[in-house]
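When a ligand or atom number is given, it counts from 1 through the structure's own listing order.
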Amino acid sequence: MLDRDRCLALDADDPLREFRAEFVLPEGVIYLVGNSLGALPRHTPERVRRAVEDEWGGRLVGGWNDAGWYDLPLTLGDRIAPLIGAGPGQVVVGNTTSIAVHQAVSAAVRLRPERRVIVSDTRNFPTDHYMIQGLAQALGGYEIRDFAEGRFDDAAVVLLSEVDYRTSERHDVPAVTARVREAGALMAWDVCHSVGALDVDVSAADFAVGCTYKYLNAGPGAPAFLYVNPRHHADAVNVLSGWHGHAEPFAFEEGYRPAEGIRRFAVSTPHVLSMASLDAALDIWERVPLDLLRAKSMALGSLFVDLVGDALELASPADAERRGSHVSFHHPDGFPVVRALIDRGVQGDFRAPDILRFGIAPLYTRYVDVWDAAHTLVEVLDKELWKDERYARRPAVT
Ligand SMILES: *Cc1c(COP(=O)(O)O)cnc(C)c1O
């Protein structure tokens, strides 16, 4: 049976152990919320400082050409592509995940004009749902159907998250993609909770969207990305037909003419400063073997599940193959339990109605962190430390 010393030994042998030193992690905190906001890479402040002082301060408007700002949506897209199984010229960075969902699903329904059904998972992250609801309302005449019904033969598009943000359940991406496409529908994946933690491969799908501030560590408010399979580059329509998706934005023509390739999915002026922090974060990702990342994520998740044992009801799949990189449990008083943990240096989070979540970021979470966090959690439950009334109050962001 495992003890704390054995965890220290596993950390010493961990092939990814050297990455942890590349992040700023506050003393005395076990950070298990990297699935919500990733940690700060040590070299990011210098890269952002350069973008502000040297590029903006020194070059002023010349930065658009000289510092490569104009092409950032594509150059960054090419750097993200290997993390999702995509190739160069297939991913564009910008906007937010919600906007990318709107672009992907709008494009998909136009590619299947004879079909009037959009399939999603009622358990999907709410913004994905909200965006589909708004789109269906704007278009008129569309039905939104739950994925669990399992019928795609009249569907235009199926939008799913690879990993469930609450339970961490992972879809079998190749199998689902094949089933959906065989039924003549298009497949769009949201990889927000998988990119940077799993061996993601959306190359068989039609569209994919994801964010960069979770496991990719690009910082609060960093832009999202959109993957479009090359088979759709010529025909797919970007309904958000802003000037940066135009064939010649600086011709200032009156009519919209889409650019060739993935650039047609750009919308407007890139967020240069948060793209600088994404650029810095991606320096680390160039060196990460994704098979080792996934193996460590599964090992740490299973360790957490084993150590918590019967103290809580598991909300995630027990089988690591079917789980993403966070582990969730049910507790009717989950919110004060999480507050009590935070007070003891263990940061997890709570998702309504009753889910405690612990995100494992394999680049900086250690075996010993999982050991200490699980033991603190069991102690908070055994001694009912969460019942202290200080832990009942809720801030705006949970
Ligand atoms: C985090 C997350 C989002 C975030 O959407 P934004 O538009 O970037 O705020 C969307 N979908 C899923 C599945 C997420 O996990």
Chemist: Between His246 and Tyr256 (judged by ring centroids, cut-off 6.0 Å), do the two rings come close enough to count as a pair?
Modeler: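 Judged by ring-centre distance (under 6.0 Å), His246 and Tyr256 do meet the cut-off.
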
Chemist: Taking ring-ring contact (aromatic ring centres under 6.0 Å, His included) as the criterion, tell me which of Trp56, Tyr70, Trp69 meets it with Trp64.
Modeler: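 The passing option is Trp69.
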
Chemist: Need the ligand 1 atom indices (1-based, order shown) with element for anything under 4.0 Å from a heavy-atom of His193.
Modeler: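 Counting atoms of ligand 1 from 1, those under 4.0 Å from His193 are 15 (O).
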
Chemist: Please determine, by modelled atom types, if Ser168 and Ser316 share a side-chain donor-acceptor pair under 3.5 angstrom.
Modeler: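 There is no such pair (donor and acceptor under 3.5 Å, judged by atom type) between the side chains of Ser168 and Ser316.
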
Chemist: For ligand 1, which atoms have a heavy atom of Thr96 less than 4.0 angstrom away?
Modeler: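 This gives 7 (O), 8 (O) as the contact atoms.
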
Chemist: Going by the order shown, which atoms of ligand 1 are within less than 4.0 Å of some heavy atom of Cys192?
Modeler: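 Answer, ordered by atom number: 2 (C), 3 (C), 10 (C), 11 (N), 12 (C), 13 (C), 14 (C), 15 (O).
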
Chemist: Which part of Ile99 is near ligand 1, with near meaning a heavy atom under 4.0 Å away: side chain, backbone, both or neither?
Modeler: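 Neither part.
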
Chemist: What part of Ser98, side chain from CB on, backbone N/CA/C/O, both or neither, has a heavy atom under 4.0 Å from ligand 1?
Modeler: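 Both of them.
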
Chemist: Do you see a donor-acceptor pair shorter than 3.5 Å between the side chains of Thr177 and Trp189?
Modeler: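 A donor-acceptor contact under 3.5 Å links the two side chains.
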
Chemist: With a 4.0 Å heavy-atom cut-off (strictly under), which part of Trp189 contacts ligand 1: side chain, backbone, both or neither?
Modeler: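 Looking at Trp189 and ligand 1, no heavy atom falls under 4.0 Å.
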
Chemist: Which ligand 1 atoms are under 4.0 Å away from a heavy-atom of Tyr213?
Modeler: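 Selected atoms, number and element: 1 (C), 4 (C), 5 (O), 6 (P), 8 (O), 9 (O).
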
Chemist: Between the side chains of Asp14 and Tyr367, is a donor N or O closer than 3.5 angstrom to an acceptor N or O?
Modeler: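 There is no such pair between these side chains.
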
Chemist: Determine whether the side chains of Asn124 and His129 contain a donor N or O and an acceptor N or O closer than 3.5 Å.
Modeler: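 Not at all, the side chains of Asn124 and His129 share no donor-acceptor pair under 3.5 Å.
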
Chemist: Between Tyr165 and ligand 1, does any nitrogen or oxygen pair lie at a separation below 3.5 Å?
Modeler: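 In this structure, Tyr165 places no N or O atom under 3.5 Å from an N or O of ligand 1.
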
Chemist: How about Tyr215 and Asn217: does a side-chain donor come under 3.5 Å of a side-chain acceptor?
Modeler: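 No, Asn217 and Tyr215 have no side-chain donor paired with an acceptor closer than 3.5 Å.
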
Chemist: For atom 12 (C) of ligand 1, state which one of Val191, Thr212, Asp190 supplies the nearest heavy atom.
Modeler: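 Shortest heavy-atom distance from atom 12 (C) of ligand 1: Asp190.
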
Chemist: Ring centres of Phe250 and Phe252 under 6.0 Å apart?
Modeler: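 Yes; Phe252 has its ring centre under 6.0 Å from that of Phe250.
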
Chemist: Below 3.5 angstrom, do we get any N/O pair linking Asp128 and ligand 1?
Modeler: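 Looking only at distances, the answer is yes, because the N/O contact criterion of under 3.5 Å is met.
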
Chemist: Name the closest protein heavy atom to atom 5 (O) of ligand 1, giving the residue it belongs to and the distance to 0.1 Å.
Modeler: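 Residue, atom and distance for the closest contact: Thr97 CB, 3.5 Å.
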
Chemist: Are any of the heavy atoms in Ser161 under 4.0 Å away from ligand 1?
Modeler: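 Judged by the 4.0 Å heavy-atom criterion, Ser161 does count as contacting ligand 1.
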
Chemist: Under 4.0 Å, heavy-atom basis, I'd like to know which part of Phe125 is in contact with ligand 1: side chain, backbone, both or neither.
Modeler: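 Within the 4.0 Å criterion, Phe125 contacts ligand 1 through side-chain atoms alone.
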
Chemist: I need the atoms of ligand 1 closer than 4.0 Å to a non-hydrogen atom of Lys214, numbered in the order shown.
Modeler: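 Those of ligand 1 that fall under 4.0 Å from Lys214 are 1 (C), 2 (C), 3 (C), 14 (C), 15 (O).
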
Chemist: Please test Thr127 against Ser98 for side chain to side chain donor-acceptor pair (under 3.5 Å), starting from the C-alpha separation and ending with a verdict.
Modeler: CA-CA 6 Å; Thr127 199; Ser98 304; 2.8 Å; yes

